[in-house]
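Working notes, beginning with the structure itself.
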Amino acid sequence: MSRPPLAGLRVLDLATLFAGPLAATLLGDFGAEVVKVEHPTRPDPSRGHGPAKDGVGLWWKVLGRNKRTMTLDLSTPGGRATLLRLAASADVVVENFRPGTLEKWDLGWAELSAANPRLVLARVTAFGQFGPSSHRPGFGTLAEAMSGFAALTGEPDAPPTLPPFGLADSIAGLATAYAVMTALAAREHTGTGQVVDMALIEPILAVLGPHPTWYDQLGYVQERTGNRSANNAPRNTYRTADGSWVAVSTSAQSVAERVMGLVGRPELTEEPWFATGAGRAAHADVLDAAVGGWIAARTRTDVLAAFEKAEAAIAPVQDVRDVLADPQYTALHTVTTVDDPELGPLRMQNVLFRLSETPGAIRWAGRPHGADTDAVLTELGLAPAEIAALREAGAL
């Protein structure tokens with residue numbers, strides 16, 4: 001196997017729940033050496049989130065993959081000194097404490113950059129490092145609400161809807177990994193590191209599209225439309241004769257025309273309003289009735305086959321059972337199996353993308369709390385007696 005593209009990159013993951021740790025996971029997937037630093041008695045709460053098997057949290061197995069784990073109490077003198085020693089040979093530190101917390105422990109940017117001028121410090125918080133809300137505690141749910149996402153999501157006559165998973169955190173994790181790589185690229189030119197200030201409320205706003213510009217220029221505020229789109233139609237989920245659901249999209253004019261031909265309503269394509277996405281969206285009731293009625297009379301298998309033959313865009317609405325059996329996901333090896341010493345073979349999402357020459361890999365699943373503490377500190381140059389003293393002092 002080729003040398004991983006991020007081999008030689010050293011990352012200290014001090015973060016918890018979920019954006020910061022996900023960023024470190026993404027770096028580890030492509031070869032970075034990631035050391036997960038957790039409090040000795042208060043580990044990353046993701047270890048206890050969601051279902052567990054034999055007392056082992058399964059979410060952690062995914063989020064903690066490709067990371068060595070150690071314990072360190074950063075608020076103690078021994079913990080502070082040890083982190084500075086670790087940071088001196090690291091490339092990246094990822095943290096998500098509330099602003100001012102690292103500074104309270106004398107581990108702020110001034111101290112970390114003095115220990116290692118080439119260090120990149122990624123600071124992930126709910127609201128950023130400054131501003132009137134920066135001191136407030138917060139989680140991805142608040143970002144989903146503040147950004148406008150929840151206001152856009154749900155049926156028109158129903159309450160705003162929050163996602164049933166960590167959407168804002170996941171988007172921020174992706175953005176943080178990108179930000180770290182950008183800062184590392186800049187270091188190649190400047191020779192010095194810098195601080196990444198990542199606020200959960202910003203990346204999710206970025207992916208919502210041009211809403212601020214629409215409002216600025218037109219005073220336009222998009223309302224909740226459920227599964228429909230304000231920009232094209234037909235676009236919805238439709239129930240098949242056998243009780244399944246499919247999703248149809250017609251963002252391209254040619255696809256919209258093919259769909260209407262398929263469902264036996266080609267005359268609708270001659271209507272003046274059919275010529276634009278906005279025009280079709282204004283007549284979504286008519287188009288949904290045509291498409292929905294045709295689909296409701298057929299099984300999902302027949303609907304998917306007919307749409308594929310017509311080169312019209314459709315997908316089954318799948319739950320995780322369907323995903324794991326889906327032939328396209330199988331072909332892409334999107335879900336892989338990892339051998340784990342605690343649980344045996346377990347399946348999880350594979351690395352995020354494929355590189356033709358230097359692919360990423362999952363080398364191991366999330367390890368037990370503190371499993372590599374002694375090994376990491378020994379490699380750092382600490383003698384057994386020093387490690388024992390740190391443990392006795394409560395720093396480990």
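Index from 1, following the sequence.
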Any ion pair linking [Y] and [X] (charged N to carboxylate O, less than 4.0 Å)?
X: Arg363; Y: Asp339; answer: no
X: Arg68; Y: Glu33; answer: yes
X: Asp29; Y: Arg65; answer: yes
X: Glu342; Y: Lys53; answer: no
X: Asp285; Y: Arg228; answer: yes

Report task. State which residues pass side chain to side chain donor-acceptor pair (under 3.5 Å) with Ser244; sequence neighbours excluded, sorted by chain then number. Result -> none
Donor-acceptor side-chain pairing of [X] and [Y] below 3.5 angstrom:
X: Thr213; Y: His211; result: no
X: Thr330; Y: His333; result: no
X: Thr250; Y: Arg235; result: no
X: Arg187; Y: Gln194; result: no

Query - Over 12 non-hydrogen atoms of neighbours within 6.0 angstrom of CD in Glu267 - result: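 Yes, because the 6.0 Å sphere around CD of Glu267 holds more than 12 heavy atoms from other groups.
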Using salt bridge (Lys or Arg N to Asp or Glu O under 4.0 Å) as the criterion, list what pairs up with [X], not counting sequence neighbours.
X: Asp169; value: none
X: Glu202; value: none
X: Glu271; value: none
X: Asp73; value: none

Query raised in the report: Is the ring centre of Phe97 less than 6.0 Å from the ring centre of Trp105?
Result: yes
Query raised in the report: Leu355 versus Phe30: any side-chain heavy-atom pair under 4.5 Å?
Result: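 Leu355 vs Phe30: side chains touch.
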Query - Residue of the set Asp372, Thr69, Asp44 for which side-chain hydrogen bond (donor to acceptor under 3.5 Å, both in side chains) holds with Lys36 - result: Asp44
Report task. Among residues two or more places apart or on two chains, list those pairs meeting side-chain hydrogen bond (donor to acceptor under 3.5 Å, both in side chains) that have a residue in residues 135-155. Result ->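 The answer is Ser133-Arg136.
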